Amino acid sequence: MRLALNTFIYEVAEVSAIETLKKAVKFGFTYIDLAAYIQANPMKLTKAEKSDIFNLFHDNGLVSSQLLLAKTENIASPDPKLRSSTMDYMKNCAEFQLELGGKQLLICWGCGVTDPSIPYEQSWMYAVQQINEFAQWCSDKNLIIELELDPHVYFVVNNLVKMVKIIEDVNMPNVYPNIDIGHLCITREAPVTLEKCRDKIIHAHISETNTFEHTNSIIGSGEADFRAYVEKILELGIEENCKKIGEIPVFGIEMGEPGQFVEDPDRWVSESLSYLFNLFPEATLKP
């Protein structure tokens, strides 16, 4: 079981992408789920900053296991300008991930936030169209698209049934579900419900919850039953699924919410690692 560092915790703490990667190296991480939010938004980075990031990955043997498209809330917007700017951002992220040597791209925000000015079905249609267009654009670049389920009513995809349905509607072979354990705890979808995604599970997030709120707090401080979900994900063949597409399966440690106060992100990472190594003695930060 390989653990990756999701860098969003450092985004929340306003630590630069370069300093974040240096901290990841000190902790001993190999796999990085890089959040393209503010500090690591490729549309905001200078050429020099990008070069420094590429060098840090290359020189330290870091692997970009997933790039989180963390500014995709408008993917299903009724405003065509917002959808277009979101597509530009996603394509910039895809090119950035290619330069990092990675393949996986996560569309966050539950495939978009619904808008009260239009019916839910219209939001669904916009999300399907946008994801299909992006997946087609990515297909000849050997890039993989993953979709996030977000556990609240205002997201387009907020349960596993909708996850399966939107993948079916998008109908592209390079589109997969992202499995977030904390989210599934909130939606009350037990590990057995992952059978719906059996052949498509290639990446998972370990995030925390108090069972009602997506707290994204220190791992082990909430109520998520990580062992039950991890065992089911392994049983359903994440290793085999990844092998088919030439990827390495990892479980990304996800913490931090926009606007949340994080006084010491290093402590959050350290305490989370201690908890996870105790819970999963077989876990590793190495290949």
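Not measured: the values here are computed from a predicted model.
From Ile18, atom CD1 reaches atom CD of Gln39 across 10.0 Å, with rounding to the nearest 0.5 Å. Atom CD of Glu189 and atom OH of Tyr229 lie 8.0 Å apart (nearest 0.5 Å). How far CG of Leu68 is from CD of Glu148: 7.0 Å, rounded to the nearest 0.5 Å. In this structure, CD1 in Ile186 is found 3.5 Å from OG1 in Thr209, a value given to the nearest 0.5 Å. Separation of atoms CD1 (Ile145) and CG (Leu105) is listed at 5.0 Å; rounding is to 0.5 Å. Here the straight-line distance linking atom CG of Leu236 with atom CD1 of Ile201 works out to 5.0 Å at 0.5 Å rounding.
Ser221 places no side-chain N or O within donor-acceptor distance of the main-chain N or O of Ser217, the cut-off being under 3.5 Å. In this structure a side-chain-to-backbone donor-acceptor pair under 3.5 Å is missing from Asn216 to Met255. Formation of a donor-acceptor pair under 3.5 Å by the His183 side chain with backbone atoms of Pro151 is not found in this model. For the pair Gln260 (side chain) and Glu257 (backbone), a donor-acceptor distance under 3.5 Å is present. Under a 3.5 Å cut-off, the side chain of Asn158 and the backbone N or O of His152 do form a donor-acceptor pair. A donor-acceptor pair under 3.5 Å is formed between the side chain of Asn60 and the backbone N or O of Leu56. Not a single donor-acceptor pair under 3.5 Å links the side chain of Lys26 to the backbone N or O of Leu21. Using modelled atom types, one side-chain atom of Ser274 and one backbone atom of Ser270 make a donor-acceptor pair closer than 3.5 Å. Thr7 places no side-chain N or O within donor-acceptor distance of the main-chain N or O of Leu34, the cut-off being under 3.5 Å. For the pair Ser139 (side chain) and Gln136 (backbone), a donor-acceptor distance under 3.5 Å is present.
Side-chain contact annotation: Ser207 with Asp180, donor-acceptor N/O pair under 3.5 Å present. Using modelled atom types, one finds no donor on one side chain facing an acceptor on the other under 3.5 Å when comparing Glu213 with Thr215. Side-chain N/O atoms of Ser65 and Asp33 include a donor and acceptor closer than 3.5 Å. Under 3.5 Å, the side chains of Trp109 and Asn74 contain no donor-acceptor pair of N or O atoms. Side-chain N/O atoms of Gln97 and Ser64 include a donor and acceptor closer than 3.5 Å. Residues Asp115 and Ser117 bring a donor and an acceptor atom of their side chains to less than 3.5 Å of each other. His205 and Gln66 are linked by a side-chain donor-acceptor pair at a separation below 3.5 angstrom, with hydrogens and angles left out of the test. Side-chain contact of Asp150 with His214: a donor-acceptor pair under 3.5 Å is absent, judged by distance alone.
By the 6.0 Å and 45° rule, Arg83 stacks over the aromatic ring of Tyr126. Judged by the 6.0 Å and 45° rule, Arg188 forms a cation-pi pair with Phe212. In this structure, Lys200 forms a cation-pi arrangement with Tyr176, its terminal cationic atom sitting closer than 6.0 Å to the ring centre and no more than 45° off the ring axis.
Linking ILVMFWY residues whenever their side-chain heavy atoms come closer than 4.5 Å, directly or via other members, places Met1 and Tyr275 in the same cluster. Under the 4.5 Å side-chain contact rule for hydrophobic residues, Phe57 and Ile248 do not share a cluster. A continuous path of Ile, Leu, Val, Met, Phe, Trp and Tyr side chains, each step under 4.5 Å between heavy atoms, connects Ile179 with Phe251, placing both in one hydrophobic cluster. Grouping the Ile, Leu, Val, Met, Phe, Trp and Tyr side chains by contacts below 4.5 angstrom, directly or via other members, places Leu69 apart from Tyr31. By the rule that hydrophobic residues join a cluster once side-chain heavy atoms approach within less than 4.5 Å of another member, Phe29 and Ile53 end up as members of one cluster.
A heavy-atom distance below 4.5 Å is not found between the side chains of Pro249 and His203. Side-chain contact between Cys111 and Ile166: present, with at least one pair of heavy atoms (C-beta onward) separated by less than 4.5 Å. In this structure, Lys81 and Ser84 have side chains that are not in contact, with every pair of non-hydrogen atoms separated by 4.5 Å or more. Within the 4.5 Å cutoff, the side chain of Ile202 has heavy atoms near those of the Gln104 side chain. Using a 4.5 Å cut-off on side-chain heavy atoms (C-beta onward), Ile206 and Leu3 make contact. Here the side chains of Ser85 and Tyr89 are not in contact, with every heavy-atom distance at 4.5 Å or above. In this structure the side chain of Val63 never reaches within 4.5 angstrom of the side chain of Ile32, judged on heavy atoms. Counting heavy atoms from C-beta outward, Val12 and Trp268 have side chains that stay 4.5 Å or more apart.
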Residue pair Met90, Ile75: steps toward the side-chain contact (heavy atoms from CB on, under 4.5 Å) verdict:
CA-CA 10 Å; Met90 294 196 300; Ile75 193 172; 4.0 Å; yes
Residues Ile253, Leu273; criterion side-chain contact (heavy atoms from CB on, under 4.5 Å); working and verdict
CA-CA 9 Å; Ile253 304 170; Leu273 284 174; 3.7 Å; yes
From CA spacing to verdict: salt bridge (Lys or Arg N to Asp or Glu O under 4.0 Å), Glu95, Lys141:
CA-CA 9 Å; Glu95 290 168 349; Lys141 301 170 180 62; over 6 Å; no
Glu235 vs Arg198, test: salt bridge (Lys or Arg N to Asp or Glu O under 4.0 Å). Steps then yes/no.
CA-CA 9 Å; Glu235 175 196 325; Arg198 169 182 287 272; 5.0 Å; no
Can Glu271 and Arg267 be said to form a salt bridge (Lys or Arg N to Asp or Glu O under 4.0 Å), step by step?
CA-CA 6 Å; Glu271 291 183 12; Arg267 180 177 67 82; 3.0 Å; yes
Check the pair Tyr10, Val262 against side-chain contact (heavy atoms from CB on, under 4.5 Å), reporting the backbone distance first and the verdict last.
CA-CA 9 Å; Tyr10 289 101; Val262 178; over 6 Å; no
So Ile245 and Ile144, side-chain contact (heavy atoms from CB on, under 4.5 Å) or not? Walk me through it.
CA-CA 9 Å; Ile245 57 173; Ile144 294 164; 3.4 Å; yes
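Classification of Glu247 and Lys243 as a salt-bridged pair fails, no side-chain N sitting under 4.0 Å from a carboxylate O. Contact check on Glu49 versus Lys44 returns no salt bridge, with no Lys/Arg side-chain nitrogen under 4.0 Å from an Asp/Glu carboxylate oxygen. The existence of a salt bridge linking Lys162 and Glu168 is excluded, since no basic side-chain nitrogen approaches an acidic carboxylate oxygen closer than 4.0 Å. Comment: Lys244 does not engage Glu240 in a salt bridge, judged by the lack of any side-chain N to carboxylate O separation of less than 4.0 angstrom.
Shortest non-hydrogen contact noted between Asn132 and Val170 is ND2-O, 2.8 Å. When all heavy atoms are compared, the tightest approach of Gly61 to Thr30 is O-CG2, 3.6 Å. Residues Val175 and Ala135 approach most closely at CG2-CB, 3.7 Å, considering heavy atoms.
The aromatic rings of Phe96 and Phe54 sit tilted relative to each other, their planes meeting at an angle between 30° and 60°.
Among Leu106, Thr86, Ile131, Val113, the one residue that satisfies the side-chain contact (heavy atoms from CB on, under 4.5 Å) test with Thr72 is Thr86.
The 12-atom threshold is exceeded at CD of Glu263, counting heavy atoms of other residues, nucleotides or ligands nearer than 6.0 Å.
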